[in-house]
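Accompanying notes for the structure given below.
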Number of protein chains: 2
Amino acid sequence: MDTTLDPGLGLRIRRTESLTSLIRRELERMIEVGELKAGDRLNENALAAKLGVSRGPVREACRGLEQSGLVHVIVNRGVFVREISNREAAELYDIRAALYALAGRLLASKITKKQVTELRRMVREMEEAADKGELNVFYPLNVRFHEAIVQFSGNGRLLSMCTSVHREMHLFRRRTLDMPGRMKISNAEHASIVDALEAKHGDRAARLMEDHVLKSRELLFGPLGTPAD
Amino acid sequence: MDTTLDPGLGLRIRRTESLTSLIRRELERMIEVGELKAGDRLNENALAAKLGVSRGPVREACRGLEQSGLVHVIVNRGVFVREISNREAAELYDIRAALYALAGRLLASKITKKQVTELRRMVREMEEAADKGELNVFYPLNVRFHEAIVQFSGNGRLLSMCTSVHREMHLFRRRTLDMPGRMKISNAEHASIVDALEAKHGDRAARLMEDHVLKSRELLFGPLGTPAD
DNA sequence: CTGCAAAAGATTGTTGACAATAAACAATGA
DNA sequence: TCATTGTTTATTGTCAACAATCTTTTGCAG
């Protein structure tokens, strides 16, 4: 298989985007999809060869990934896809809860009818997926629902932060226990959140968003505080 | 003036740390201090020559800085120290408020007597600085006070996020109006925060932290929402 | 066979050179 | 005089080679 970065289209693309950013996105994709698993080392030579470029842009891309927390670099040893410990995952849940609460509060004060409709549509689709027990339909909708709320909140930096946190959490091994009734419970919370948003009740929306995230956290780590590791 | 990166010590240092990270810290310092101002372009050749290295590590360092939001890169044009608009600064204030609230909540549940003493000492020193009207003493103490709370909270990722947000906000032109009585008011809030922490009253600590940040925001932008630009 | 030491190999860190692009400037015509 | 086009210069994007470091293998003594 030839996974080169479009050498044919290269001439057109290269004008508006550097190889570095293309490679960074490609690496993010590989990590997201699982082509690169937590703990894997990124071999610069191999990657450069595989993508049909030299090591320079690959190294630059890795430096960006390092800062965004997706990989960590050990001098003279290489860059490794980060492994998220239980403890770190728990920390990220707390942060996500705080950021989502903010998103809810901000959005409640400015949400439009159109946005409410959009969110309600997602909730309805998730409801169908939950009824049929289709987790592979529910899950991406769930992601998009949360993303939409953060995006609608209008705080650009908040959006990029949430995206970053979300990417990092993906590195965490344990998937949320897909308990049978979990989808319906989760979606009921979604409905309440949209209600609060529509009512422009900022405090309630914030609290519901926070609880929604912390409930996921509890499902993984139990009701008490941070796990040892 | 020779601002080379210690070519003498280089040999020793290079073993445990790459030039890239040294340069990134140096650039962060230059931005922090104001040697590089918002909007300035970072000339790769000039920087490389000044630091006595080649362009490679400089470029890698810039990619890290880009991801952390301190600079932005325009393809084929160069990397520029980011300019923070009023709007973005306001967004960052909101985020900081949410993160600090989390820090307060977390710390309240686990603060030690020793940490309370430490915080109280800082408040006392700030009180003295406020009495004498010494802003240049008050300000760094103020920073350390907030940093300490975040650090004591025990959430590592939260600490790095707050540091990052703080750095970014430094790029914002308008300094907080140093109104005459401002320091004393601010420090009274600090005292209340420590009280809430000592009482292990998480909700109250969270709310006080949030209000404390949002009050700074109001001082800059007024009581209503986000400024246009 | 095991443990250690030294050499060979692989990989990262760094550099200088070349190619591609954008900015600055000069020349031309209206 | 001004706008436009062509040319030169400066700067960034990319690459391939070299140096430093780490890992693995091999050889040898016990």
Test side chain to side chain donor-acceptor pair (under 3.5 Å) applied to A:Gln67 and B:Gln67, B:Arg24, B:Glu66, the passing residue:
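With A:Gln67 as partner, B:Gln67, B:Arg24, B:Glu66 yield a single side chain to side chain donor-acceptor pair (under 3.5 Å), made by B:Arg24.
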What's the spacing between [X] [atom1] and [Y] [atom2] if we round to 0.5 Å?
{"X": "B:Ser164", "Y": "B:Leu159", "atom1": "OG", "atom2": "CG", "result": "11.0 Å"}
{"X": "A:Leu158", "Y": "A:Tyr100", "atom1": "CG", "atom2": "OH", "result": "9.0 Å"}
{"X": "B:Met183", "Y": "B:Leu135", "atom1": "CE", "atom2": "CG", "result": "5.0 Å"}

Contacts to DNA chain C from residues 56-73 of chain B, heavy-atom cutoff under 4.0 Å, which residues?
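Output list: B:Gly56, B:Pro57.
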Spacing between [X] atom [atom1] and [N] atom [atom2], to the nearest angstrom:
{"X": "A:Arg77", "N": "D:dT21", "atom1": "CZ", "atom2": "C1'", "result": "11 Å"}
{"X": "A:Phe80", "N": "D:dT23", "atom1": "CZ", "atom2": "C1'", "result": "12 Å"}
{"X": "B:Glu17", "N": "D:dT21", "atom1": "CD", "atom2": "C1'", "result": "16 Å"}
{"X": "B:Arg55", "N": "C:dA20", "atom1": "CZ", "atom2": "C1'", "result": "12 Å"}
{"X": "A:Ile74", "N": "D:dA20", "atom1": "CD1", "atom2": "P", "result": "23 Å"}

Taking all non-hydrogen atoms of both residues into account, name the closest pair between A:Arg82 and A:Leu171 and its distance.
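Taking every non-hydrogen atom into account, O-CD1, 3.6 Å.
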Quick one: closest heavy-atom pair of A:Ala61 and A:Ile23, and the distance?
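Of all heavy-atom pairs spanning A:Ala61 and A:Ile23, the closest is CB-CG2, 3.8 Å.
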Ring centroids only, cut at 6.0 angstrom: are A:Phe145 and A:His190 within range, meaning strictly under it?
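Ring centres of A:His190 and A:Phe145 closer than 6.0 Å.
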B:His212 and B:His146 aromatic centres sub-6.0 Å:
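When the ring centroids of B:His212 and B:His146 are compared, they turn out to be within the sub-6.0 Å range.
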In terms of side-chain heavy atoms of A:Leu19, which of D:dT14, D:dC22, C:dA23 is nearest?
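Selected nucleotide (nearest to the side chain): D:dT14.
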State which of C:dG16, D:dA16, C:dA23 makes the closest approach to the side chain of A:Ser54.
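Looking only at heavy atoms from C-beta outward on A:Ser54, the closest nucleotide is D:dA16.
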Taking DNA chain D as the partner, which of residues 37-48 of chain B come within under 4.0 angstrom of it by heavy atom?
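Within this stretch, B:Arg41, B:Leu42, B:Asn43, B:Glu44, B:Asn45 sit under 4.0 Å of the strand.
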